[in-house]
Each structure stands twice: as C-alpha cells, then as structure tokens.
Amino acid sequence: MKKDTRKFIHLRNEMVKNQIKARGLIDVDVISAMSKVPRHCFVSEALMDQAYKDFPLPIGYQQTISQPLIVAEMTKALELNRNDRVLEIGTGSGYQAAIIAAIAFKVYTIERIQALFMRTRKLFDELKYHNIVTKYSDGTLGWKEQSPFDAIIVTAGAPEIPSLLVDQLAFGGRLVIPVGDRVSQTLIKIYKDETGIYETDLGDCRFVNLIGEQGWDE
Ligand code: SAM
C-alpha cells in the first residue's frame, strides 16, 4: 500500500518551492495540484526517495515519468477549467493524469504498453482517482467515442501533430504536444476555434517516442 508521510510532504513542498515557483511558474491550480499529488506513489519503491528531484525517472519498459517542471509547464499550457474533459496520450506512471485530475472534471488516458496500462490502472484505484478513465490502445488515434475534448495532452514525442487528435478537440480547446525528431522536440500548443487552428511554440523538450499509426514506427 502506497502512503503519504511527513517526509514526502516535506520533499514535495520543497519541490514546488524550488523547482516550480522559483522558476516563475505561478498558476494557483497547478501549484495546488503539484503540492497535493503524492509523486512518490507513481514510481517504484526503490526510486521513491528520488521522486521529488529535478529530473525524470525510469518507470520500466524503457519509459519515464517526466521531470516535475515539464509536468507543471504542460499542465499550465492546457489552461484547465473545473468542468473540462481532458484526453491524455501516454498514461505511463499515471502522475500527469493525476495532476490533471486534481484540477479538471475528468481525464481519459490511453497507454499502448499493456503492462504499464494494467499497473497504473490498479494504482488509480488504490489512490482513489475516480475521475480518471483508462484505455489500452494506440493513442495517436484518440478516443472518438468520448470526443470532443476541452484539452488534449500528448506526453510522448511525435513526428507531427496527429490529425485525429486535432479533429477530436472541441472549439475553444487546447492541445499540447512535443513535436520533432526521435531525440529532441519542440513543445507545441494548438488552440482551435470556429475560425481555425492557432499554433504557439513553447520551447525545446525531450520525450520518449510516440509510437503508433499517427506516430513513429516501433
Ligand atoms: N504521462 C506519463 C507520466 O506521467 O508518467 C509520461 C509517460 S512517458 C514520458 C510516455 C508514455 O507514452 C509511455 O508510457 C509510452 O508507452 C506511451 N506511449 C507512446 N506512444 C503511445 C501511443 N501511441 N499511445 C498511447 N501511449 C503511448
């Protein structure tokens, strides 16, 4: 059973102060979610003491839990509202989904590695994240039956923006996705409304590959 303790609460507060606020990321909802969600519960027992450090960590199957700052930046870029329904591609450890679930109404998250999908589904139940719905599938195709989404976040690097994800974004919706080559990417934010699609460049980043029909080959 994964538990929060005074030690981890202290490490988490230090993380928020030194890695998030100190770098100028001031967003009440994001700060509150990062202060609340027990990041150490989303990594293996052996890595728990490192969970609040300023870097990504391995979660098995050659995948990673992203650095706290990038989680905060991507969440802020989503401009979440209380009633939003959000799609995440790349469930991984479940941490990013848990952060969004602490702010928005409902999170739909898709993972393509079955073992990770099963492990994280169990963790969401254990930690009582009742507003996170999971699916084992190729997320580059989105989740048409549940669309349109108010926000979509892709937590793996894509060669280009999957068109089906843009299609499944509501008017007024935001999509945040790393786009580039297999090694490094640019974080792109898309805003969609009735008049068209507007793209903003949020800076450089490095993610594992988005693998699938509208992503990279395995
Ligand atoms: N959001 C995760 C977290 O908080 O731990 C980040 C995990 S990792 C950086 C990216 C994840 O995307 C991996 O678990 C990987 O298996 C998954 N992934 C890659 N391509 C995918 C696809 N087409 N559909 C769904 N998940 C995919």
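If you're wondering where the values come from, they're calculated on a predicted model, not measured in any experiment. Indexing begins at 1, ligand by ligand and atom by atom, following the structure's order.
Atom numbering of ligand 1 starts at 1 in the shown order; those under 4.0 Å from a heavy atom of Val208 are 8 (S), 9 (C), 10 (C). Per-residue contacts place Ile113 under 4.0 angstrom from the following atoms of ligand 1 (heavy atoms of the residue considered): 16 (O). Here is the list of ligand 1 atoms found below 4.0 Å of a heavy atom in Thr64: 5 (O), 6 (C), 7 (C), 8 (S), 9 (C). Residue Glu88 has at least one heavy-atom neighbour below 4.0 Å for each of these atoms of ligand 1: 1 (N). For ligand 1, the atoms closer than 4.0 angstrom to any heavy atom of Ser137 are 24 (N), 25 (C). Each of the atoms 25 (C), 26 (N) of ligand 1 lies under 4.0 Å from some heavy atom of Ile110. Residue Leu116 approaches ligand 1 through these ligand atoms, each under 4.0 Å from one of its heavy atoms: 14 (O). Within ligand 1, counting atoms from 1 as listed, the ones closer than 4.0 Å to a heavy atom of Thr140 are 23 (N).
Ile89 and Ile59 end up in different hydrophobic clusters when Ile, Leu, Val, Met, Phe, Trp and Tyr side chains are linked at under 4.5 Å.
Salt-bridge formation is detected for the pair Lys189/Glu79: a Lys NZ or Arg NE/NH1/NH2 atom is positioned less than 4.0 Å from an Asp or Glu carboxylate oxygen. Salt bridge Lys17/Glu14: present, at least one basic N to carboxylate O contact under 4.0 Å. Contact check on Lys144 versus Asp167 returns no salt bridge, with no Lys/Arg side-chain nitrogen under 4.0 Å from an Asp/Glu carboxylate oxygen.
The environment of Asp217 atom CG is sparse: at most 12 non-hydrogen atoms of other residues, nucleotides or ligands sit within 6.0 angstrom. Counted within 6.0 Å of CZ on Phe105, heavy atoms from surrounding residues, nucleotides or ligands total 12 or fewer; the atom is thus considered open. Other residues, nucleotides and ligands place more than 12 heavy atoms under 6.0 Å from the NZ atom of Lys135.
Pro56 does not count as a contact of ligand 1, since none of its heavy atoms falls under 4.0 Å from the ligand. Not a single heavy atom of Glu213 lies less than 4.0 angstrom from ligand 1. Ligand 1 has no atom lying under 4.0 Å from any heavy atom of Ile99. Asn209 counts as a contact of ligand 1, since one of its heavy atoms falls under 4.0 Å from the ligand.
For the atom pair CD1 (Ile211) and CZ (Arg112), the distance works out to 4.5 Å, reported to the nearest 0.5 Å.
Of the protein's heavy atoms, Arg112 N, 3.3 Å lies nearest to atom 26 (N) of ligand 1. Looking only at protein heavy atoms, the nearest one to atom 13 (C) of ligand 1 is Gln63 OE1, 3.2 Å. In terms of protein heavy-atom proximity, atom 4 (O) of ligand 1 is nearest to Gln96 N, 3.0 Å. Counting protein heavy atoms only, atom 16 (O) of ligand 1 is closest to Glu111 OE2, 2.6 Å. Regarding atom 11 (C) of ligand 1, its nearest protein heavy-atom neighbour is Gly90 CA, 3.7 Å. Looking only at heavy atoms of the protein, atom 10 (C) of ligand 1 is closest to Thr155 O, 3.2 Å.
The aromatic rings of Tyr52 and Phe8 sit tilted relative to each other, their planes meeting at an angle between 30° and 60°. In this structure, Tyr198 and Tyr191 have tilted ring planes: the angle between them lies in the 30° to 60° band.
Residue pairs satisfying the ring-ring contact (aromatic ring centres under 6.0 Å, His included) criterion with at least one member in residues 150-175, sequence neighbours excluded, are absent.
Considering Ile100, Ile110, Val133, Ile153 in turn, Ile110 is the only one that fulfils the side-chain contact (heavy atoms from CB on, under 4.5 Å) rule with Leu87.
Between Leu80 and Arg174, the shortest heavy-atom distance links the atoms CA-NH2, 4.1 Å.
Counting heavy atoms closer than 4.0 Å to ligand 1, residue Thr91 contributes backbone atoms (N, CA, C, O) but none from C-beta onward.
For atom 3 (C) of ligand 1, the candidate residues are Ala158, Ser93, Ala97; the nearest heavy-atom contact is made by Ser93.
Note: an N/O pair closer than 3.5 Å links Ile211 and ligand 1 by distance alone. Looking at Gly139 next to ligand 1, an N or O pair under 3.5 Å apart turns up.
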